[in-house]
Amino acid sequence: MDHTSHDAGATDDRAARWAHGPSGGHSGHSDHVDHRHGGATWSTAAKATLHCLIGCAIGEILGMVIGTTLTWGNVPTMVLAITLAFLFGYSFTMFAVLRAGVDFRSAVKVALAADTVSIAVMEFVDNGIIALVPGAMDAHLTDALFWSSLLGGFVVAFVVTTPVNKWLIGRGKGHAVVHAYH
């Protein structure tokens, strides 16, 4: 995306629209940020949230399975699950950015900028749900309560985090940082 027209000092809305073509938008990027109004679409926010949630879910499930299998207590298991959720969440973004030819150090910076708030909100909500569901913290891998509270937490986290991501993307933050690399 070429944003030089935004910096060129377009004097009115017609000039800004002309810089992006007659429709005023980016062809091929219709679900991204709406630069004329500073907003983002719900579709873009949902895709960013889902992308982030997949990485978080893999890390969190792995951490919960490891901690539960090793019969760790609740706190060390949750610390491991949250750590792995951040690690996998960041990794998904980093791999995509690295494929675009960005060096490792820059890819780390992009992943941190793109996903930190989203992952933090998701983890807070998801782990809060697990902590609040009676018996979920003590459930075993073979218990339906273990899986239903974990997966239910992901659903609620998705619903809560999508508006957060929409707000961030609309301000050029969060997942919007990644858009420069694809």
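Values below: all heavy atoms of this structure, side chains included; hydrogens, waters and symmetry mates excluded.
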Locate the shortest heavy-atom distance separating [X] from [Y]; write the atom from each residue and the value.
X    : Y    : answer
M94  : A107 : CG-O, 3.6 Å
E123 : C56  : OE2-CB, 3.9 Å
I58  : F92  : CD1-CZ, 3.6 Å

L80 reachable from L62 in the ILVMFWY side-chain graph, under 4.5 Å edges:
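Cluster IDs for L62 and L80 match.
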Consider only side-chain heavy atoms of I, L, V, M, F, W and Y, link residues closer than 4.5 Å, and tell whether I119 and F158 are in one cluster.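 No: no chain of side-chain contacts under 4.5 Å links I119 to F158.
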### Message
Is any side-chain heavy atom of K47 closer than 4.5 Å to one of N165?
### Response
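No, their side chains stay 4.5 Å or more apart.
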Checking the side chain of [X] only, and the main-chain atoms of [Y] only, is there a donor and an acceptor separated by less than 3.5 Å?
X    : Y    : result
K166 : A40  : yes
D143 : F146 : no
S106 : V102 : no

Review point. Which distance, rounded to the nearest 0.5 Å, do you find between the CE of M78 and the CH2 of W72?
Key: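 Spacing of CE (M78) from CH2 (W72) equals 14.0 Å.
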Pairing residues for [X] by the side chain to side chain contact (heavy atoms under 4.5 Å, CB included) criterion, not counting sequence neighbours:
X    : result
D138 : N74
S148 : L145
V121 : V117, V125, V160, T161, V164

Sole residue of L53, L150, V156 in side chain to side chain contact (heavy atoms under 4.5 Å, CB included) with D126:
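Filter result, single survivor: L150.
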